[in-house]
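Reviewing the structure listed below.
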Amino acid sequence: MTTPASYDDIVTTATVGLNQRPLALTSLAGPAGAHASVLDTADPAAALLDAAALLTAARRAGPLTATAATGPAAAVPDTAPELSPLACSVITVALADPAWLADLLTAAAAAGFRAAPPLLPALLDWAARARSMRPAVAGVLGERGRWLAARRTDWQLAVGTHSVIVSEDPAVWETGSRAERRSWLAALRRRDPAAARDLLAAGWSGETGDVRAELLKVLTAGLSEADEAFLEVALDDRKSSVRQVAAGLLAAIPSSAFNVRAVGRAAGALRVERRALRRWLVVNLPGSYDVAALRDEISPAPPSAAIGARAWLLTQFIAAMPLGEWTARLGLDPASLVEMPVQGGFRTDVHAGWRLAATRQADATWAALLLAAGEDSVPERPPAAWPTSAQLAAALPPDARVARAVALLAERRPSPEAAEEAADCPGPWPGRLADAVLAQLGRVARDPRPPHWSGLMLRAAARKLPPGGERDFAAELRALAAACPDAGSWTSEVRRAADTIDHRRRFLKELR
Amino acid sequence: MALAPDASSRQAAAKLAGPAPWAQAGAAGDVVWGLCAGSGKLSYQVIADVSGPAYKCSCPSRKFPCKHTVALLLNWADGLVPEAAQPPAFAESWIAGRAGRADRAAAADRPAATADQEAAAARRAGQRRARVTAGLAELDMWLRDQVRAGLSGASGGYRHMEPIAARMVDAQAPGVAAALRDIAGIPASGDGWTGRLLGEYAQLHMLVRAHGQLDTLPADLAAVVKSHVGYTVARDDVLAGPPVGDRWLVLAARDLLDGAIPARRIWLHGQRTARFAMLLIFDPRGAFGAHREAALAPGTAVEADLHFYPGQPALRAVMGTRHDEPGPASRPEPSSNIRHLLNEWAAALAEDPWLASWPALLSGVPVPAGAGWQFADLSGQAAALVTEGTDIWPLVAISGGAQVTIAGEWSTDGLRPLTAWHGDTAVTL
């Protein structure tokens with residue numbers, strides 16, 4: 001070899017093997033060349049290893065620095081205070097429990113704090129993983145968090161709709177990302193509802209189905225009669241998700257033709273007759289449906305085989321009717337209507353319609369009456385055809401909801417549905433609900449076969465018992481654990497719940 | 001437990017752990033021994049040197065290490081094995097074969113040994129040296145065969161390397177064995193693997209050549225060669241060396257769980273001397289709970305005496321006297337930049353060509369570069385960041401596109417960030 005051997009030359013030879021490809025080494029490239037005299041002359045294999053060692057040493061000792069690539073501009077400095085190290089340590093513990101984590105983040109955001117930067121990646125990961133975490137995470141991001149989210153597509157998609165900084169530049173609408181366009185349109189909707197709707201309508205046919213459904217939801221804010229014509233167009237959309245959004249919005253405009261059509265379909269379905277000294281609700285079963293009904297999101301297929309096709313139409317017609325129409329048309333108050341027997345065995349179908357209407361229209365009066373009158377669940381009826389009591393209870397005012405939960409827990413062995421509904425009550429729980437829950441948890445502790453809702457109730461208690469009031473619920477839970485006859489996994493779960501309450505108390509203190 | 005060869009050995013060892021089957025168990029420095037009651041009349045003689053690691057057991061098991069050895073180490077890690085001044089006869093001969101007793105006798109403040117003991121120690125050291133020399137000669141033959149037959153023969157990875165690695169354990173060159181096991185993954189590491197593998201072979205070849213000239217090498221270089229081959233230096237001998245007192249800031253802790261025995265590497269930086277140091281702590285279970293030094297947390301500092309191992313660059317040390325308890329410390333002010341770091345690295349390699357990594361304490365900005373990341377300092381120089389096995393995002397979050405102080409390890413792969421400071425808080429990455 002006449003030219004000095006480079007490392008690549010030697011590797012090529014060694015890969016094939018000296019037996020196949022002899023190599024006489026005399027000189028080496030680069031700084032290693034000065035030491036070529038030490039190469040073993042007796043054995044070509046040793047000489048090759050010597051040469052490789054010299055060249056490797058030269059390469060290891062002389063790595064090249066790179067010229068720095070240009071990174072993104074630094075984040076804008078934050079003005080909001082950063083959560084204290086103690087508060088951050090509580091967040092770190094809560095990373096394993098999304099519901100609790102969301103509570104903490106929401107409280108931090110409400111107090112004007114932002115997450116410390118080292119926590120941000122874990123929080124953004126949660127936002128990317130769980131849709132329900134996004135608003136809570138977006139609230140504590142601060143400038144640094146938004147800067148960080150912009151570095152990764154999955155994070156940007158997760159929190160973009162909640163935290164994109166909206167520029168008023170119209171170019172965003174033309175060229176921005178999906179999240180940016182949505183935020184931009186929402187901002188325009190706040191300033192000028194009509195302009196936002198017209199802009200959406202102008203480019204409507206050029207958007208993809210998913211984008212149409214997403215952007216249409218922006219019209220929820222500032223909804224008015226002026227939007228009706230455009231929503232009627234959207235009701236004819238190819239994409240069912242777009243049609244559903246349009247139907248929901250049209251139903252929320254009291255005077256809409258959509259609601260007039262719904263009233264027209266349902267008005268004849270029920271009447272009151274006096275028979276044998278009692279008033280009865282008499283059902284006039286819909287004979288068939290027409291294209292207009294289909295267009296208004298009435299579905300001809302019952303969600304369960306146990307429901308007849310015409311009975312299902314009846315339920316949907318009633319569900320689409322504004323509840324106030326019944327009292328006005330039948331001349332009776334809601335209580336009388338809910339109590340009234342239904343002729344022909346259609347009670348379940350009629351009440352299903354009202355339950356659906358009460359949940360959709362969030363009507364507290366009807367919800368309370370239906371809860372008092374109805375069953376928790378009806379066999380063969382999925383929630384789409386029979387909203388659960390917990391769903392109805394969500395429409396109640398807070399006090400009534402708590403009172404109902406306390407009554408449910410007064411039972412010696414509440415049903416799983418009742419326990420779940422009580423646990424669903426938003427925190428912080430008032431004293432009477434706390435007492436009812438603790439009494440049940442005490443019963444569970446003595447129960448050789450604890451009901452399977454007990455874990456759920458305990459986790460809810462850990463999150464919702466007030467941490468900083470007159471009563472020390474952590475101590476009460478620990479006393480409960482100490483009174484447990486055997487120290488099993490239940491006892492340690494109760495202790496963990498007590499720890500969670502202590503963590504929450506410390507966290508809230510840090511927010512002052 | 002990571003050192004058990006398979007799951008069944010782990011279970012078997014767990015049964016033997018505890019004081020019950022053991023007699024004459026003891027430990028001195030890194031060496032642990034004991035007699036384990038077996039099924040027969042004679043107890044098995046078990047000895048282990050955790051610094052190697054190296055093991056010996058008189059049982060007939062072909063598993064290596066056997067269940068008795070693993071159980072002994074578990075007991076040791078649990079503190080069930082008492083420190084003993086004098087190993088029993090069965091252990092002593094093995095230990096003597098491994099340890100460089102000649103070095104020990106030379107330590108200045110040691111009571112004068114009798115001439116007989118010195119002669120015996122010298123004889124044992126000579127025996128070990130001969131055994132290592134013979135093993136390394138075999139290794140060199142093997143290395144030459146590799147380049148004669150072609151490196152593509154190594155594509156078997158672990159299966160290809162394991163026989164020669166096991167031979168190095170027998171030859172009492174555990175450092176070489178560990179290096180061979182480390183590089184067994186290279187054939188599966190993607191494009192250009194033959195180049196990387198040849199580099200490692202060449203380094204080993206150079207180590208064999210250097211070991212052959214051990215007597216003529218300068219003392220520091222000889223110590224470096226011996227440490228890479230795996231000659232053990234007793235902790236007591238290191239502690240007998242001169243102390244370097246300083247307030248030592250804990251820069252980073254990195255757990256190395258892939259090796260034969262899980263280890264924790266703790267990087268320190270002297271606030272007055274500006275010296276780097278590294279503590280290396282072994283725990284067969286990877287828990288480190290029993291070791292006082294393992295609890296040193298990044299971001300804290302302790303006023304203490306360090307004693308460095310022989311050889312240059314002096315990096316590995318043991319902590320001797322502590323003058324206070326570790327307490328919180330403020331963020332260090334890095335005085336170096338990337339060019340400076342590379343110069344230090346080159347100087348360190350000139351003293352120890354086998355050096356694998358070097359401590360770094362820098363300020364800069366992590367910036368995306370192609371598919372990976374760079375760390376760019378104020379002068380516009382940048383080094384590639386090693387992100388494999390670490391999460392880069394907390395570092396990016398702390399930086400926010402601005403200067404951030406980090407501690408890490410530099411190697412030829414690039415800079416591996418281990419700790420970043422957010423204000424005065426050290427965040428482990």
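In the text below, chain A, chain B and the rest are named by the order of the sequence lines, each starting its count at 1.
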Checklist outcome for this item: Under 4.5 Å to a heavy atom of chain A? For Leu349(B) that would be side chain
Item to check | Result of checking Thr56(A), Leu48(A), Thr13(A) against Leu198(B) for side-chain contact (heavy atoms from CB on, under 4.5 Å) | outcome: Leu48(A)
Checklist entry - Nearest heavy-atom pair of Ala397(B) and Pro117(A): which atoms, and what distance? => result CB-O, 3.3 Å
Checklist outcome for this item: His422(B) and Ala116(A) have their tightest heavy-atom pair at NE2-CB, 4.5 Å
Checklist entry - Highest number of heavy-atom pairs under 4.5 Å with chain B: which of Leu148(A), Val11(A), Thr15(A)? => result Thr15(A)
Checklist entry - Do you know the tightest heavy-atom contact between His205(B) and Ala46(A)? => result NE2-O, 3.6 Å
Checklist entry - Is there a side-chain contact between Thr70(A) and Val367(B), using heavy atoms and a 4.5 Å cut-off? => result no
Checklist entry - Is the side chain of Gln374(B) donor-acceptor paired with the backbone N or O of Ala69(A) at a distance under 3.5 Å, no angle test? => result yes
Item to check | Per-residue contact mode, Arg144(A) against chain B (heavy atom under 4.5 angstrom) | outcome: side chain
Item to check | Proximity breakdown for Ser399(B) and chain A, heavy-atom pairs closer than 4.5 Å | outcome: backbone
Item to check | Contacting moiety of Asp8(A), where chain B heavy atoms sit under 4.5 Å | outcome: neither
Checklist entry - What residue in Gly71(A), Gly145(A), Ala14(A) has the most heavy-atom pairs under 4.5 Å with chain B? => result Ala14(A)
Checklist entry - Looking only at heavy atoms, which two atoms of Ala346(B) and Ala61(A) are closest? And how far apart? => result CB-O, 3.6 Å
Next on the checklist: Using every non-hydrogen atom in the two residues, find where Pro118(A) and Val427(B) come nearest and quote the distance to one decimal.
Outcome noted: CG-CG2, 3.8 Å
Checklist entry - Which bit of Trp410(B) is near chain A, if near means a heavy-atom gap under 4.5 Å: side chain, backbone, both or neither? => result side chain
Checklist entry - Tell me, side chain or backbone of Pro353(B) under 4.5 Å from chain A's heavy atoms, or both, or neither? => result backbone
Item to check | Contact leader toward chain A among Ala202(B), Gly150(B), Gly400(B), Gly370(B), where contacts are heavy-atom pairs under 4.5 Å | outcome: Gly400(B)
Item to check | Engaged part of Leu119(A) at the chain B interface, taking heavy atoms whose separation is under 4.5 Å | outcome: neither
Checklist entry - Tell me, side chain or backbone of Ser152(B) under 4.5 Å from chain A's heavy atoms, or both, or neither? => result both
Checklist entry - Most heavy-atom pairs under 4.5 angstrom with chain A, which of Leu355(B), Asp377(B), Leu197(B), Asn343(B)? => result Leu355(B)
Checklist entry - Does any heavy atom of chain B fall under 4.5 Å from the side chain of Arg21(A), the backbone, both, or neither of them? => result neither
Next on the checklist: Let's go through Leu124(A) and Trp393(B) carefully: what are the C-alpha distance in whole Å and the side-chain angles of both, what is the deciding distance for side chain to side chain contact (heavy atoms under 4.5 Å, CB included) to 0.1 Å, and is it a yes or a no?
Outcome noted: CA-CA 10 Å; Leu124(A) 286 167; Trp393(B) 292 102; over 6 Å; no
Item to check | Side-chain heavy-atom pair Arg152(A), Val396(B) within 4.5 angstrom cut-off | outcome: no
Checklist entry - Does a side-chain heavy-atom distance below 4.5 Å link Arg209(B) with Asp50(A)? => result yes
Item to check | Verdict with reasoning, Leu18(A) to Arg144(B), per side chain to side chain contact (heavy atoms under 4.5 Å, CB included) | outcome: CA-CA 10 Å; Leu18(A) 277 169; Arg144(B) 293 180 197 203; over 6 Å; no
Checklist entry - Do any N or O atoms from the side chain of Tyr7(A) and from the backbone of Gly199(B) form a donor-acceptor pair under 3.5 angstrom? => result yes
Item to check | Gap separating the CG atom of Leu49(A) from the CG atom of Asp140(B), nearest 0.5 angstrom | outcome: 7.0 Å
